[in-house]
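Worksheet: the structure to be examined is printed underneath.
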Number of protein chains: 2
Amino acid sequence: MSRYKPTDAEMEILHILWEKGSSSVREINDILNHRREVGYTTTLKLLQIMFEKGLARRDSGAKTHFYTAAVREHDTKNHLISDFVNVAFRGSAMSLVMQALGNSETSKEELDELKDLISKLEQNS
Amino acid sequence: MSRYKPTDAEMEILHILWEKGSSSVREINDILNHRREVGYTTTLKLLQIMFEKGLARRDSGAKTHFYTAAVREHDTKNHLISDFVNVAFRGSAMSLVMQALGNSETSKEELDELKDLISKLEQNS
DNA sequence: TTGACAATACGAAACTCTTCGTATATCTTT
DNA sequence: AAAGATATACGAAGAGTTTCGTATTGTCAA
């Protein structure tokens, strides 16, 4: 049961699948083309590879195949964060959090939300 | 003045350069070999490519070349965070921060540090 | 100055990823 | 059932990365 780390292109597709649920290649390709031009067979190939990797499931009942995400959004992002923290921050998640916060525009509401989370973390320690 | 996004292997070397400063290929290779086995010429090639990309400078005065980082640590990490947020969190830095926090072991001291940062951010808004 | 040693330069192999052209299969419509 | 449209399958090209073998260059000591 080996896990594949999604590439950037695969993440773009996973986001579509997480949001839209079961989708045909054409639907996915149409959405991708809102942002940039991608050939239909390119998207098809990506989906086929994601299927082989176990990142996507597919329902091949009819002529048109329908794909869904085979990995959970939260789990996948946790894996990505973990890798990213190791590569870019030598394992220190806090360094990432601090720099990401300092670097981003943050609204009052978001800061409040963050403080709530911190309170919860403090209780559980 | 185009910027290259460092690969994982390049980040490992950049971290060494940021920490140690000017280093020979042999020194860098020795440090890399603490973690995993890497051939000397592999490390050499990586440094050469990083030099071509503008990620590293080199002082070729003597027989042995000495390399230093040509990009700033904070800037580089900001770029990486920005890309990562776009790919994995559809541009929402806050989502990343919240999930990274929730996912990591965080000490009291770190949480205090984080609260200080939040206070500062609240003042500047 | 020549031999030994260490460093660099070069090039190619293996791998992964993205892209797309072309072939094949399937459905629909008339 | 045949024609046309739409989908999938297959394969290969091209780019980038990592790896390392081998050749070349440079240094120092005897």
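First the proteins, then the strands, lettered A, B, ... as listed; each starts at 1. Side-chain atoms are counted along with the backbone in the values below, which use heavy atoms only and exclude waters and symmetry mates.
In terms of phosphate contacts, B/R58 brings a side-chain nitrogen or oxygen within less than 4.0 Å of OP1 or OP2 of C/dA9. For the OP1/OP2 pair of C/dA7 and a distance below 4.0 Å, the side-chain nitrogens and oxygens of B/R26 include at least one atom meeting the criterion. Phosphate contact (OP1/OP2 of C/dT19, side-chain N/O of A/R36, threshold under 4.0 Å): present. For D/dT18, the OP1/OP2 oxygens have a side-chain nitrogen or oxygen of B/T7 closer than 4.0 Å.
Remark: B/R58 qualifies as a cation-pi partner of B/F51 under the 6.0 Å distance and 45° angle criteria applied to the six-membered ring.
Side chain of A/K45, nearest nucleotide from D/dA9, D/dA12, C/dA12: D/dA12. Relative to the side chain of A/T42, the nucleotides C/dT19, D/dT8, D/dT18 differ in distance, and C/dT19 lies closest. Among the nucleotides C/dT8, D/dT19, D/dT18, the one closest to any side-chain atom of B/V38 is D/dT19. For B/T41, taking side-chain heavy atoms from C-beta onward, the closest of the listed nucleotides C/dT22, C/dA7, D/dT22 is D/dT22. Taking every side-chain heavy atom of A/Y40 into account, D/dA7 is the closest of D/dT18, D/dA7, C/dT18. Among the nucleotides D/dT19, D/dT17, C/dC17, the one closest to the side chain of B/K53 is D/dT17.
One atom, OH of A/Y4, and another, P of C/dC17, lie 9 Å apart when rounded to the nearest Å. Distance, A/N29 CG to C/dT19 P: 11 Å, rounded to whole Å. We find that NZ of B/K63 is positioned 5 Å from C1' of D/dT27, with the value rounded to whole Å. Here the P atom of nucleotide D/dT24 and the CD atom of B/Q48 are 16 Å apart, to the nearest Å. Atom-to-atom, NE2 of A/H65 to P of C/dT24 comes out at 18 Å; the value is rounded to the nearest Å. Atom-to-atom, CZ of A/F66 to C1' of C/dT26 comes out at 15 Å; the value is rounded to the nearest Å. The separation between B/D8 atom CG and C/dC17 atom P is 13 Å, rounded to whole Å. As a whole-Å value, the separation of B/L44 CG from D/dA23 C1' is 13 Å.
Hydrophobic cluster membership differs between A/F66 and A/L32, with clusters built from Ile, Leu, Val, Met, Phe, Trp and Tyr side chains linked at under 4.5 angstrom. Residues A/I31 and A/I28 fall within the same hydrophobic cluster, defined by Ile, Leu, Val, Met, Phe, Trp and Tyr side chains chained together at heavy-atom separations under 4.5 Å. Residues A/V97 and A/L121 share a single hydrophobic cluster, defined by chaining ILVMFWY side chains whose heavy atoms lie under 4.5 Å apart.
A/I49 comes within 4.0 angstrom of a nucleotide base, judged by non-hydrogen atoms across all strands.
Side-chain atoms of B/L80 and A/V87, non-hydrogen and from C-beta on, never get closer than 4.5 Å to each other.
If A/K5 and A/T64 are placed on DNA chain C by their nearest nucleotide, the residue sitting closer to the 5' end is A/K5.
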